[in-house]
Amino acid sequence: YNHFPRHLKWENNNLTFRILNYTPDLKKTDVDRAIRSALNAWADVTPLTFKKLHEGIADIMISFGSREHGDYNPFDGPDGLLAHAYPPGQGIGGDTHFDEDEHWTKDASAYNLFMVAAHELGHALGMAHSSDAGALMYPIYSFSTGYPLAEDDIEGIQALYGPNPNPKKRKPRPDAPNKCDPKLSFDAVTELRGETIIFKDRFYWRLHPQMTEPELTLIKFTWPSLPNKVDAAYEYPEKDLVYIFSGIRVWALNGYTLVDGYPKYIHKLGLPKTIREVDAAVHIKDTGKTLLFTDEEYWSYDEATGTMDAGFPRSIEDDFPGMHDEFDAVTFQNGRLYFFHEDLQYEYSYNYRKVIRIMRTNSFLYC
Amino acid sequence: LPLTGKTDDHLLAEKYLRRFYGLPTGLRGRQASSSDFQNKIQQMQRFFKLQITGNLDDNTLEVMKQPRCGVPDVGE
C-alpha cells in the first residue's frame, strides 16, 4: 500500500459526508446505499465514523459530473477515467467525483458504483494507489463480491488511523499471489493457443512464448462472468476451445472469448451427480482423451464421441505411480504431463509411465 | 484485439504518463523529452509489475487502456 506524500490524514475520526447530486443511472436509494456501504467498509477496520449531511459543507463532498466539472481536472467521457478523489485536507480535500459519462450499476453489468466508491473513498481517507493487484486501492477497475478490502488495504488504513476498537469479523479479499512464494500452489493450468494460463485464487498468470515475465491479471477483468475461483481447465485444440471448470459448472472459451451456451453442468460430460467439482483436467492430444481428476480417482472422456470411457473411474495411485494421489492441476506439454499438488510439481512421462522430475510448483513461473 | 496506429498509441501514452506519472508538459529538448518519457514508462511498468523495458510495448499499452481511477499512481 501507499499513502500520499506527508501521509495526509484527517485530524479527527468523526467525519461528515454529503452527496451533492445523483446519477440518473441508479435509484437515489441505491446510490445512498452504495456510498454508505463503501464508507462502512473502511469504518469497519478503523475508528472512523461517518455522518451524512444534507446541507452545508461536509468533509467529503460527493458528486457526479462530466468532462470539466469544476475542479480543472476533467473526466474523459465513457470508460478510461471513472472517478477521482482528493486526499484529506481543507476545501477540496476529501472530495470525491464520479464520471457521469460512465454507466453506473449495482451489479457487475457495467461499472459497479460500490466498488468504485470504496476505492475513491480510500483516497479521501488518505490511501494512495497500491501496486498489489489484489488490493482495492489498485488503480485499475475490477469487480468482486463480498468485503472489498484486501489485507493490504487494511494494513494501509490502519497505519494511518489504527484499528477499530470494536472490530467486526470481515474476510478480506486475498492479496495478489506472489509467483515466487515457495509454498505457492495452483488452482488450474491450461494451454490457450500456445500460451499457458495458470489460475490461482481470483487471478491468472499468462505465460506467452514471447514474454520473459508472467503477466498477472484478475480473472474478472478478462472474463467478468467467470467465477472468482477456477478448479480445473484444459484446452481441446481440435475445436479451438478451452474448458474452465468451477464447481458443477463448465465454461468454454474460444481464444479469450466466452462461448455462448455455457456454462453447462459437468454431469453432462457423463460424471455422476455425486461429483461436485473437478480437481484437475488435461487433454492428451496423442490419444484424443481428456482426463478428469476428482479426489483420488480419474475419468477418461473421449472428445471425438463425447462420451465417458468405460472402466472409469480408476485409481490415480494405481495408474500414475510415484506421485500424490490427488492433484490441484495438470497440464500436458511436449509429450509430458505436469502434475501439481500443493507446492510440488511432478514431471511425468506419459509414454514411459514414470515420474521424471519433481520440482517446486513455482518453477513453472520461472522462479 | 486490433491495435490502433503507432502515433495514436504514443499520444495515448503521453497523455497517460502526464496525468498519472507527472510527465512534464510543454516543449522540451529532444533528448531530455525522450529520456523523461522512458523513465516515466519504466516507473509505470515497475508499479504494474510489468517487464521493465522503458518501451511502449503491447503489455504496457494494454494496461494504459484499461478503465481506472483518475488519481495519480505516484503518491509515494
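Each chain gets a letter, A, B and so on, in the order the sequences are listed, and its residues count up from 1. Since this is a predicted model, take the numbers as computed values, not measurements.
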- Query: Would the A:W223 and A:Y204 ring centres measure less than 6.0 Å apart?
  - Reply: yes
- Task: Can you tell which part of A:T217 gets under 4.5 Å to a heavy atom of chain B, answering side chain, backbone, both or neither?
- Result: neither
- Task: Please check if the distance between the ring centroids of A:Y141 and A:H119 is under 6.0 Å.
- Result: no
- Task: Check whether A:R206 gets within reach of chain B through its side chain, its backbone, both or neither, counting any heavy atom under 4.5 Å.
- Result: side chain
- Task: Counting only heavy atoms closer than 4.5 Å, note whether B:Y16 contacts chain A via side chain, backbone, both or neither.
- Result: neither
- Note on the structure: When every non-hydrogen atom of A:L160 is compared with those of A:G126, the smallest separation belongs to CD1-O, 3.7 Å
- So what's closer than 4.5 Å to chain B heavy atoms on A:Y138: side chain, backbone, both or neither? side chain
- Task: Answer yes when B:K65 and B:D9 have at least one side-chain N-carboxylate O distance shorter than 4.0 Å, and no when they do not.
- Result: yes
- Message: Shorter than 4.5 Å, heavy atoms on both sides: which option in A:E213, A:E120, A:H123 has the most such pairs with chain B?
- Response: A:H123
- Query: Contact part of B:R19 toward chain A, heavy-atom cut-off under 4.5 Å: side chain, backbone, both or neither?
  - Reply: side chain
- Message: Within a 6.0 Å radius of atom CG on A:D260, are there more than 12 heavy atoms belonging to other residues, nucleotides or ligands?
- Response: no
- Interface moiety of A:Y111 toward chain B, non-hydrogen atoms closer than 4.5 Å: side chain
- Task: Verify the ring-centre separation between A:F75 and A:H84: is it less than 6.0 angstrom?
- Result: yes
